[in-house]
Amino acid sequence: MTVIIIGGGAAGMAAALSAAEHGHQVTLLERQARVGRKLLSTGNGRCNLTNHHVSPAHYHGEDVSFAAFALSRFDVGTTLQYFAELGLLTTAEDSGRVYPYSNMAGSVLDVLRYGLEQPHIDLHTGVTVTKLRKKGDVFTVETESGETFTADRVILAAGGAAGSKVGGVMDGYRLAKMLGHHRTALYPSLVQLKTDPTYPRSLKGVKADARIYILRGKEVIAENRGEILFTEYGVSGPAIFDISRAVSTGGEGLVCKLNLLPDWDEQSVLDWLMQRRTAMADHESSALLTGALHSRLGQTVCKAAGFTNQPIADLSDGDLRSIAYRTQHFALPVLGTCGFDQAQVTAGGLCTDEFDPETMESRLVPGFYACGEVLDIDGDCGGYNLQWAWSSGRLAGELQ
């Protein structure tokens, strides 16, 4: 059986290797100059290829249950065994995140590229697919250059709209639409937040451990705890990425509230500040949080509470209470996210009710399959999206 795979990212390579293993003749078409370019940017260049805590609970979409079969069919253990057979050594962190032992994303891509070098796989790079149609039992794919390919089956693994600098495009959605498929609304996910820049701008480069709340009025629509990074336009960092989806889809009027001393309650902070008032009596109030927070962050919190140059000795209990409150309620009005260019993942995609979760085959067009980010399934930060790419790609490549 002949199969064309559109897209040479993580899911497309997994699908190609799977289809070849099952004896099919594969033509893999990739629009970039080489396969797997986006893979090189994952995990800050280290490639967080999976996570030991993978479960449907870490995924999102209109029907998250769609991902369950693929994730169980090609689970984390099977994934690691598969990559070991390709020659990749891996190591896991306490968080469950798995990386190549070399700490280089290139190691993951290299073993996949070597795996693609086989007679059953014909790789074409620098090829942009512009048309996809089916007549009878034959699929025809046309490219931007006018070249035509035909096959018995087609697997769409074109990725999503996120990360345009490393290959994110709308091609996959357009091609699926040519066969009658539909998609949900698209939003950037795993992306930095834009907030009122008044305080973040002065904190650019500062990191902190914080409890994060995304609020709509008094309603908490998302929360998380972990490392954040202040930027000139807002906040970033792993803990922010995890809740950015809620911001992208949450509409207007959101606030990002940070608890900068998450292991203490407000009274404990107040008690500590009272001790510091005695010990730091001769200093200005901007130094009050020295030893608890990064110096610039401490100064900014005091400023947000209304205190900068006053002598610490002059601060009343009420003043200290205001500063204690601000350490637990450092609020930043949200302006939005940094958009698809900066996003690592697309939230939304092809409607999963139009595909069979046990095969990845279209319910509308027999012989047409889709896998990876182009579908309406996206995961949390931490290797979950790559696991979905491996699992769904391998399943689609079985061509059941």
Which atom pair, heavy atoms only, marks the closest approach of [X] to [Y]?
X      : Y      : answer
Ala70  : Leu395 : CB-CD2, 3.8 Å
Phe330 : Ala304 : CE1-CB, 4.0 Å
Thr290 : Ala287 : OG1-O, 2.9 Å
His181 : Glu354 : ND1-OE1, 2.9 Å
Ser189 : Asp378 : OG-OD2, 4.0 Å
Gly397 : Ser18  : C-OG, 3.4 Å

More than 12 heavy atoms of other residues, nucleotides or ligands under 6.0 Å from [atom1] of [X]: yes or no?
X      : atom1 : answer
Glu85  : CD    : yes
Lys303 : NZ    : no
Asp137 : CG    : no
Glu21  : CD    : yes
His283 : NE2   : no

CA sep, side-chain torsions, deciding dist, call: Arg225, Asp209, side chain to side chain contact (heavy atoms under 4.5 Å, CB included):
CA-CA 7 Å; Arg225 176 172 175 176; Asp209 175 53; 2.7 Å; yes
Check: [Y] main-chain N/O paired with [X] side-chain donor or acceptor under 3.5 Å:
X      : Y      : result
Glu219 : Ile221 : no
Ser391 : Trp388 : no
Asp376 : Glu62  : yes
His22  : His24  : no
Asn103 : Arg46  : no
Asn51  : Gly382 : yes
Gln344 : Gln342 : no

If you define the side chain from C-beta out and look only at heavy atoms, does anything of Tyr99 sit under 4.5 Å from Asn48?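 Yes, side chains in contact.
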Any side-chain heavy-atom pair of Asp63 and Asp353 under 4.5 Å:
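No, side chains not in contact.
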Between Tyr82 and Trp390, is the ring centroid distance below 6.0 Å?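 So the answer is no for these two rings.
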| Should Arg73 and Glu358 be marked as a salt bridge (Lys or Arg N to Asp or Glu O under 4.0 Å) after you check the CA-CA gap, both sets of side-chain angles, and the distance that decides it? | CA-CA 9 Å; Arg73 179 69 173 268; Glu358 297 190 4; over 6 Å; no
Do [X] and [Y] share a hydrophobic cluster, counting only Ile, Leu, Val, Met, Phe, Trp and Tyr and linking them when any side-chain heavy atoms are less than 4.5 Å apart?
X      : Y      : value
Met1   : Ile4   : yes
Leu335 : Val247 : no
Tyr187 : Val191 : no
Val64  : Val345 : no
Tyr213 : Tyr325 : no

Report task. Name all residues meeting the ring pair (Phe, Tyr, Trp, His ring centres under 6.0 Å) criterion together with Phe69; count only those two or more places apart in sequence or in a different chain, and write none if there are none. Result ->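 Checked Phe69 against ring pair (Phe, Tyr, Trp, His ring centres under 6.0 Å); zero matches.
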Does the distance from a Lys or Arg side-chain N to an Asp or Glu carboxylate O, for Asp317 and Arg277, drop under 4.0 Å?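 Looking at Arg277 together with Asp317, the answer is yes, because their closest N to O distance falls below 4.0 Å.
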Is a salt bridge present between Arg133 and Glu142, judged by a nitrogen-to-oxygen distance below 4.0 Å?
->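 Salt bridge flag = yes for Glu142 with Arg133.
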Check your understanding: Can you list the steps and then say if Leu289 with Leu273 is a side chain to side chain contact (heavy atoms under 4.5 Å, CB included)?
Key -> CA-CA 8 Å; Leu289 290 167; Leu273 290 177; 3.8 Å; yes
Any side-chain donor near an acceptor of the partner, Asp319 and Ser316, under 3.5 Å =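 Yes, a side-chain donor-acceptor pair sits under 3.5 Å.
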Which is it for Met360 and Phe66 under the side chain to side chain contact (heavy atoms under 4.5 Å, CB included) test, yes or no, and what are the steps along the way? CA-CA 10 Å; Met360 298 289 135; Phe66 178 86; 3.8 Å; yes
Between Ser268 and Asp265, does the side-chain hydrogen bond (donor to acceptor under 3.5 Å, both in side chains) criterion hold? Intermediate values first, please. CA-CA 5 Å; Ser268 298; Asp265 59 28; 2.8 Å; yes
ask   = Does the side chain to side chain contact (heavy atoms under 4.5 Å, CB included) test come out yes or no for Gln387 and Leu71, once each step is laid out?
value = CA-CA 8 Å; Gln387 182 61 59; Leu71 292 172; 4.1 Å; yes
Quiz item: Which of parallel (below 30°), tilted (30 to 60°) and perpendicular (above 60°) describes Trp272 and Trp264?
Solution: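 Perpendicular, since the angle between the ring planes exceeds 60°.
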Practice item. Applying side chain to side chain contact (heavy atoms under 4.5 Å, CB included) between Leu28 and each of Asp122, Leu116, Val3, report the one that passes. Key: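 Going through Asp122, Leu116, Val3 one by one, the side chain to side chain contact (heavy atoms under 4.5 Å, CB included) with Leu28 is satisfied by Leu116 alone.
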